[in-house]
Structure formats: structure tokens, C-alpha cells
Amino acid sequence: MKMPEPDKAVLARREEIAKALARIVPGDGGVIVDPDELRPYESDGLTAYRQPPMLAVLPETTEQVRDVLRYCNENGIKVVPRGSGTSLSGGALPLADGVLLGMSRFNRILEIDYDNRCVIAQPGVTNLGITKAVEHEGFYYAPDPSSQIACSIGGNIAENAGGVHCLKYGLTTNNVLGLELVLIDGEIVRIGGKHLDADGYDLLGVLTGSEGLLGVVTEVTVRILRSPETVRAMLAGFPSNEQAGDCVGRIIGAGIIPGGMEMMDRLAIKAAEEFAKAGYPLDVEALLIIELDGPEREVDDLIDRVARIATDTGASTIRVSETDAEREAFWAGRKAAFPAVGRISPDYYCMDGTIPRHRLPDVLRRIRELSETYGLRVANVFHAGDGNMHPLILYDANIPGELEKAEAFGAEILKLCVEVGGVLTGEHGVGVEKRDLMPEMFSKDDLDQQQRVKCAFDPSSLLNPGKMFPVLHRCAELGRVHVHHGKLPFPDIPRF
């Protein structure tokens with residue numbers, strides 16, 4: 001993995017740049033240049049890659065973000081936006097000659113509108129913070145990644161985050177209504193709002209999941225939902241991964257869409273149970289956590305139907321939650337799976353790929369074979385309902401060559417996902433982790449067309465360069481880009 005070479009001319013102007021940014025963002029801690037104070041920003045959740053930024057700036061207002069981006073654009077300075085730094089794909093990895101634009105001070109909820117069932121929040125508000133702000137009125141925010149206690153809603157927009165309940169209620173893109181963002185030239189743009197659909201181009205769809213390459217989000221409007229009347233969860237243990245995978249397919253095939261449906265293999269079950277004491281069975285090879293929600297009668301009927309399907313597919317143990325506390329304990333184990341695995345291995349590499357549900361047994365079998373080939377253990381934890389897999393490859397970075405081996409193993413898993421008709425990512429994004437695997441899924445024409453969108457928003461490629469695209473072309477090489485002042489920029493039809 002190679003990042004762009006540092007611009008020595010920019011590095012030579014570090015002190016000048018710091019002084020200019022300090023005039024835009026004055027006050028203690030507005031601009032950080034001390035190497036020790038920059039250390040917390042040197043990586044995100046993909047800790048295998050580290051690079052301290054040239055400096056960090058922590059604005060507090062949209063106007064400050066505007067002026068920072070305008071200054072950087074006028075002076076050819078790269079900018080890496082950062083939320084809470086929980087990205088697992090290196091999406092917020094800094095650059096040695098770039099400004100790290102931290103959005104952590106944008107941490108206020110601006111408006112709660114129960115009539116229109118939406119919340120307007122600054123991008124630094126945590127995912128869980130939105131639910132906490134509305135749950136006393138019987139509402140919640142549906143997307144719930146495992147890192148929801150820490151991850152920011154702005155970062156969720158950047159990566160199109162999902163979570164255990166995205167099967168029924170959708171990813172971030174299905175729950176965001178509006179954005180305010182600042183373009184690299186300092187233009188402040190508002191897309192969407194409280195209304196359900198905006199006319200014209202689906203720019204919300206373009207921006208959600210754009211990984212900080214197109215603009216910096218400064219305000220988010222999200223949809224909130226009524227808390228369901230009844231929620232119950234089931235644990236179903238199976239003698240094999242194949243039987244659990246078959247159960248997943250049969251539940252969906254029966255027309256049942258659970259609120260959430262998660263799967264763990266034996267290694268992940270053991271680690272999670274030792275860590276969270278969730279009551280998981282330890283004598284099974286695979287465990288499904290299936291949550292049903294809705295009116296009480298409907299939930300009771302669905303629980304019975306799902307239990308029959310699980311029994312028919314070979315479940316050796318079935319347990320249904322009787323109280324909310326018991327249901328929350330079931331989920332506590334699943335959401336603690338990643339830190340739990342950290343207790344049984346010095347390091348682990350968390351993968352993210354998505355496959356068709358019916359290929360689940362085949363892919364798990366192939367992962368076992370690859371595990372033996374590479375000599376590295378794997379704990380499988382994933383959103384079984386929508387095929388979003390999170391294999392955790394266990395390794396020891398202190399052993400020479402093990403990190404490289406884990407990366408090679410991970411690349412094989414992602415290639416396998418594409419091979420069986422899936423995709424490289426489900427919710428973690430591409431970042432630097434999957435950047436060089438993009439040609440496995442996209443042709444050169446596909447990638448060129450995606451980069452034209454990048455050029456339309458950021459003609460000089462200053463926003464988060466080195467991410468997503470294996471080779472970043474100059475915009476001129478992809479066809480002339482025309483920027484319409486006062487409007488969102490769009491590329492002309494390219495002529496070759």
C-alpha cells in the first residue's frame with residue numbers, strides 16, 4: 001500500500017500554514033502542530049497503518065470549515081477530514097503533507113422535530129447520542145454499527161454505515177434526509193432537508209458513502225423511527241455453519257424480515273461469551289441471533305415460525321428472550337465480539353465484504369480452507385441477513401511477516417466475495433485497505449467514471465487523496481471539468 005509522495009514544498013511551509021490556519025481557528029487547541037499532540041490522529045481504526053499529519057485543525061463553526069478549505073484550496077494543500085476515527089478501512093489515515101480536519105467539536109444536536117420524525121445534528125454527534133436524545137419520547141435512530149457508542153454521524157455518512165438492524169431498516173443512506181456540506185473551494189451547499197425526497201439528481205446518494213472525497217459535512221438531518229411495540233430475540237445454535245447459513249436463507253425465503261439477524265462461529269461465540277456473559281451456548285459451531293419486532297401478536301407468530309424453520313434446518317438449541325434485559329444481553333455479546341476477540345489474540349484484522357446469502361455456506365467453507373493455508377485463525381462475525389461478512393483474522397504483529405500474511409489472507413477473502421457475486425465492502429468503505437482491490441470489481445471505464453464525479457466536486461484532488469482509487473488521474477486526463485460558480489459542479493460530457 002503506497003500513499004502519495006509528500007509535497008516537500010508544502011512541508012517547507014508548515015509554520016506559515018499553521019499561522020494562517022490559527023488566524024481562521026483561533027484559541028487554545030484550534031491548530032495542533034506538536035508531534036506528541038498529533039499522535040492520537042496518526043491512524044483510525046485500521047491501526048496497522050500510521051502516519052502523523054503535517055498538522056491538525058479543529059474548527060467549531062461551518063464558517064471556519066469554509067475558510068480552512070478555501071485557504072487549502074487556494075494554496076494547493078491536501079485535506080483529510082476526520083470524525084471520531086473509528087473507520088476500519090483507513091478512510092481517515094492522515095497525510096504527511098496534509099491538514100487533518102477534525103470535526104469532533106461539531107458535537108451538538110441542533111433540532112429534534114417529532115412531528116416530522118427527524119433530528120438535525122452536527123457531524124460530531126455520536127450515533128448512539130441521537131437515539132439517547134429521543135428515546136424518552138419513544139423514538140430511536142435505526143442504523144446501529146457496533147461502534148455506535150463512539151462513531152460519529154458524520155463518519156456514518158462518509159462510510160454509509162450499517163449495523164445489526166440494517167436488514168429491516170436500511171443503511172445510513174436509507175435514513176438520511178439532508179446534509180449541509182462545504183466544498184473544497186469553500187462553497188456551502190445544502191442538499192435535501194426534512195422532506196422525504198428532494199427533486200433532481202440523487203446527490204444524497206452520491207454523497208453518502210463518498211468517504212470524504214467530495215466535501216466536508218457540517219450538518220446532518222436523519223430520520224427517526226417509533227420504537228416498536230414488542231421486540232424479542234432468539235438464539236439458535238447449530239452443529240455446523242452450513243446449517244446456520246441454510247436457516248438464514250429459509251427465513252428470508254419465507255418472507256420474514258427480522259429486525260436483525262446475526263451469525264457467529266464457534267471461535268467468536270466462545271470469545272464473546274467469556275467477555276460479555278451473554279448466555280451463549282458453547283457446544284455449537286454456529287449461532288444465529290434473530291430479532292423480531294412489531295405488534296405483540298405478530299411477533300409471537302413470527303417467533304414460532306422462525307423456531308420451526310431453525311428446528312427443520314438442524315438447530316440443536318433454541319432460546320427466546322423473555323425480558324428486554326435478556327434480549328439486550330443477547331445483543332451485548334454480539335456487539336462486544338470485536339473487543340472480545342482482542343482478548344484471545346494480540347492483533348486481529350477485521351474484514352468487510354458482502355456476498356449473496358445463498359453462497360454463505362460455500363464462502364465459510366472456503367475461508368476455513370484459506371485459514372489452514374495461511375496458518376491463521378479466523379473468527380467469523382457478520383450480518384447474516386444481508387450477507388455482510390466480518391471475518392476477523394487473528395495474528396501477532398510482533399512476529400515478522402504475520403501482518404503481511406494477514407493482509408494477503410484478507411485480500412483472498414475479498415476476492416472470493418466478488419467471485420461469488422458479492423462486493424468488496426458492505427459498510428466499512430474502501431479507504432486505503434481495499435483501494436488496490438477495486439479493479440477486482442470494477443473495470444477501468446468504471447473507475448474512470450467514478451473519478452469524474454470526484455473531479456466535479458474537487459478538481460485539484462485535494463480532499464482525502466490516496467483513498468478509494470488505485471490510480472488517481474488528473475482531472476484533465478479524464479475530460480474537461482467545468483465548474484458552475486454558485487452551483488454544485490458537474491463534469492461536462494467527456495470527449496475522447
Side-chain angles (χ1 to χ4, degrees), residues 146 164-165 167-168 230-254 256-293 296 298-338 340-341 343-344 357-358 360-365 367-368 377-392:
S146 295
V164 299
H165 290 98
L167 172 62
K168 185 173 183 178
T230 303
V231 187
R232 298 178 72 189
M234 173 189 296
L235 297 180
F238 295 84
S240 73
N241 288 318
E242 288 76 14
Q243 288 168 301
D246 186 29
C247 182
V248 169
R250 291 200 192 186
I251 290 171
I252 300 297
I256 301 169
I257 307 297
M261 184 156 52
E262 301 289 299
M263 181 172 166
M264 294 188 285
D265 67 5
R266 178 181 282 273
L267 186 56
I269 296 165
K270 185 175 184 295
E273 177 60 20
E274 290 178 353
F275 183 78
K277 309 298 183 188
Y280 294 164
L282 297 177
D283 58 346
V284 297
E285 288 296 324
L287 180 68
L288 290 181
I289 309 174
I290 307 162
E291 183 171 281
L292 290 310
D293 60 17
E296 185 175 2
E298 179 184 350
V299 170
D300 289 344
D301 177 63
L302 290 175
I303 285 286
D304 290 340
R305 291 174 62 192
V306 169
R308 286 196 297 271
I309 293 172
T311 300
D312 291 344
T313 50
S316 57
T317 178
I318 294 176
R319 179 180 164 194
V320 179
S321 65
E322 298 298 332
T323 65
D324 276 345
E326 188 176 21
R327 176 181 62 84
E328 289 169 2
F330 290 175
W331 284 118
R334 165 59 185 90
K335 293 208 168 189
F338 289 6
V341 168
R343 301 176 73 199
I344 63 173
R357 281 184 296 264
H358 71 278
L360 188 56
D362 300 332
V363 170
L364 289 173
R365 186 162 45 246
I367 288 176
R368 278 202 306 270
R377 294 182 298 164
V378 180
N380 284 294
V381 182
F382 46 91
H383 309 311
D386 60 0
N388 185 195
M389 305 181 66
H390 295 310
L392 304 175

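Model, not experiment: these values are computed from the prediction.
Qualifying side-chain hydrogen bond (donor to acceptor under 3.5 Å, both in side chains) partners for Asn241, counting only residues two or more places apart in sequence or in other chains: none. Partners of Arg377 by side-chain hydrogen bond (donor to acceptor under 3.5 Å, both in side chains), not counting sequence neighbours: none found. Ala340 is linked by a side chain to side chain contact (heavy atoms under 4.5 Å, CB included) to Ala271, Phe275, counting only residues two or more places apart in sequence or in another chain. Qualifying side-chain hydrogen bond (donor to acceptor under 3.5 Å, both in side chains) partners for Ser240, counting only residues two or more places apart in sequence or in other chains: Gln243. With sequence neighbours left out, the salt bridge (Lys or Arg N to Asp or Glu O under 4.0 Å) criterion links Arg357 to no other residue. Shown here are the salt bridge (Lys or Arg N to Asp or Glu O under 4.0 Å) partners of Asp386, two or more places apart in sequence or in another chain: there are none.
Considering all non-hydrogen atoms of both residues, Val341 and Ala379 come closest at CG2-CB, 4.1 Å. For Ile367 against Pro391, the heavy-atom pair with the smallest separation is CD1-CG, 4.1 Å. Between Ile309 and Ala254, the closest heavy-atom pair is CD1-CB, 4.0 Å. What you find for Gly245 and Leu360 is that their closest heavy atoms are CA-CD2, 3.8 Å. Residues Ile269 and Ala286 approach most closely at CD1-C, 3.9 Å, considering heavy atoms. Gly333 and Ala272 make their closest contact through O-CB, 3.5 Å (heavy atoms, listed as atom of the first residue, atom of the second, distance).
Listed by first and then second residue, the side chain to side chain donor-acceptor pair (under 3.5 Å) pairs involving residues 262-281 are Glu262-Arg334, Glu262-His383, Asp265-Asn380, Arg266-Glu285, Lys270-Glu274 (not counting sequence neighbours). Applying the side chain to side chain donor-acceptor pair (under 3.5 Å) rule to pairs touching residues 300-320 yields Arg232-Asp300, Arg319-Glu326, sequence neighbours excluded. Listed by first and then second residue, the ring pair (Phe, Tyr, Trp, His ring centres under 6.0 Å) pairs involving residues 305-335 are His165-Trp331 (not counting sequence neighbours).
The CE atom of Met389 sits 8.0 Å away from atom CE of Met263, with the distance rounded to the nearest 0.5 Å. Expressed to the nearest 0.5 Å, how far CG of Leu235 lies from CD1 of Ile289 amounts to 6.0 Å. Rounded to the nearest 0.5 angstrom, Leu292 CG and Ile257 CD1 are separated by 10.5 Å. To the nearest 0.5 angstrom, Leu302 atom CG is 11.0 Å from Ile290 atom CD1.
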